[in-house]
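Written out below as structure tokens is the structure these notes cover.
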Number of protein chains: 2
Amino acid sequence: MDTLGFTTHDHGHCIAQALSSAEETCAEQGLQLTAQRRRVLEILLQEHRAMGAYELLDVLRSEGQGAQPPTVYRALDFLVTNGFAHKIERLNAFVACAHPGERHAPAFLICKGCGSVAEMPSRDIARAVREAAAGLAFEVSRMVIEAEGACPSCREARA
Amino acid sequence: MDTLGFTTHDHGHCIAQALSSAEETCAEQGLQLTAQRRRVLEILLQEHRAMGAYELLDVLRSEGQGAQPPTVYRALDFLVTNGFAHKIERLNAFVACAHPGERHAPAFLICKGCGSVAEMPSRDIARAVREAAAGLAFEVSRMVIEAEGACPSCREARA
DNA sequence: CGAATCCTGTTATGTTATAACACAGTGGTG
DNA sequence: CACCACTGTGTTATAACATAACAGGATTCG
């Protein structure tokens, strides 16, 4: 058990589950989860934190691959496009999706104390965004919702 | 009258108003709206769109200043910190604040068709974000809320 | 005056991301 | 089979975004 997303869970299980979910989704939709793409997703799942593209690149290189930036960015593009990972715009970094399979507008909490990132429920937020946009006759296709602040343990440490 | 924020208004007036609002706020709070800072804010107000830091730099240089990147980033840092401008994380770009003076969590609409950016009402969205975060015992200090999609005129053009 | 603070100038560099082109594998079609 | 289209990868180079670090000028205040 590790501490993740501000809570505790069985991380090995969560990795395996996310990977098989991705495989399943790819099979259903005719997408190719190639070795590169799978490896990048695995790294994101294992680390379970927001990682920069060049940080991922370093991991690939440490594994003996002579990888270059486009390799990583292509894999990330695939993963993000198909909902297996998300980009945290505020951090220029990427995380594995915490709810693979469910269609959702991702929303994140970013702790400024410890740098951890968690995905939060976004239903009500997404609705509020669509409503505000509709008021200006704007049609929303994608949202960036990121909140910075203090996670429970950093709040406690601070008090 | 120009078309801005998906609606029409008197742009000269809006620039003058925003500048005097900034001056007033700075006077009240002991902040220095120096020539550089004021000039960057003016450019953002005049262009009334999201601009990259290097785009602003080009404008300054075209005016004969031998400016360097840090000059622009420092001015932007001041403007963003004090609420006179906002950063659009999705675009790595900056816009003048559309509601200077009012304390608010900025929220943006980004049209993928024409690239225009508008600030939208964020009260309900901000509340939804704080509530979702509170459910995870997370304390929010800052939010990034950006919706991508199609603005009214691009929707019409598409139809 | 001297010290502290804030702002600016300047050089260099770090970090993030993509363009462009070559080529290999796969699968369909005549 | 020969051909083509499509998708994915490798590689080189460069674009775009951002900051570190240090020097110096201006202002204020004791």
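We use all heavy atoms of the structure for the numbers below, so side chains are in, but hydrogens, waters and symmetry mates are not. First the proteins, then the strands, lettered A, B, ... as listed; each starts at 1.
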Determine all donor-acceptor pairs shorter than 3.5 Å in which one atom belongs to a side chain in residues 88-115 of chain A; sequence neighbours excluded.
| from | atom 1 | to | atom 2 | distance (Å) |
| --- | --- | --- | --- | --- |
| A:E89 | OE2 | B:R90 | NE | 2.8 |
| A:R90 | NE | B:E89 | OE2 | 2.9 |
| A:R90 | NH1 | A:E148 | OE1 | 2.9 |
| A:R90 | NH1 | A:E148 | OE2 | 2.3 |
| A:H104 | ND1 | A:E102 | O | 2.7 |
| A:H104 | NE2 | A:H86 | NE2 | 3.4 |
| A:H104 | NE2 | A:E119 | OE2 | 2.8 |

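Ion pairing between a basic and an acidic side chain is recognised when a charged N comes within 4.0 Å of a carboxylate O; A:R130 and A:E139 show no such pairing. Between B:E55 and B:R49, at least one side-chain nitrogen of the basic residue sits less than 4.0 Å from a carboxylate oxygen of the acidic one, meeting the salt-bridge criterion. Contact check on B:D124 versus B:R127 returns a salt bridge, with a Lys/Arg side-chain nitrogen under 4.0 Å from an Asp/Glu carboxylate oxygen.
Contact record, A:L33 with A:F78: CD1-CE2, 4.1 Å, taken as the closest heavy-atom pair.
Using a 4.0 Å cutoff to heavy atoms of chain A, the contacted part of DNA chain C runs 5' to 3' from C:dT16 to C:dA20.
The distance between atom CD of B:E55 and atom P of D:dA18, rounded to the nearest whole Å, is 12 Å. Summarising the geometry, the separation between CZ on A:R39 and C1' on D:dT9 is reported as 18 Å, rounded to the nearest angstrom. In this structure, A:L31 places its CG atom 12 Å from C1' of D:dT7, rounding to the nearest Å.
Contacts between residues 66-79 of chain B and DNA chain D, defined by a heavy-atom separation below 4.0 Å, involve B:P69, B:P70, B:Y73, B:R74, listed by number.
Residue B:K87 places at least one side-chain N or O closer than 4.0 Å to OP1 or OP2 of D:dA18.
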Show, in sequence, the C-alpha distance, side-chain angles and deciding distance for B:L60 and B:I43, and conclude whether the side chain to side chain contact (heavy atoms under 4.5 Å, CB included) test is met.
CA-CA 9 Å; B:L60 289 180; B:I43 295 168; 3.9 Å; yes
Working for side chain to side chain contact (heavy atoms under 4.5 Å, CB included), residues B:E42 and B:I15:
CA-CA 7 Å; B:E42 274 178 7; B:I15 293 177; 5.5 Å; no
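If B:Q36 and B:N92 are placed on DNA chain C by their nearest nucleotide, the residue sitting closer to the 5' end is B:Q36. Each of A:T34 and B:G52 was matched to the nucleotide of DNA chain D holding its nearest heavy atom; the match closer to the 5' end belongs to A:T34.
For CZ of B:R61, the number of neighbouring non-hydrogen atoms (other residues, nucleotides, ligands) closer than 6.0 Å is greater than 12.
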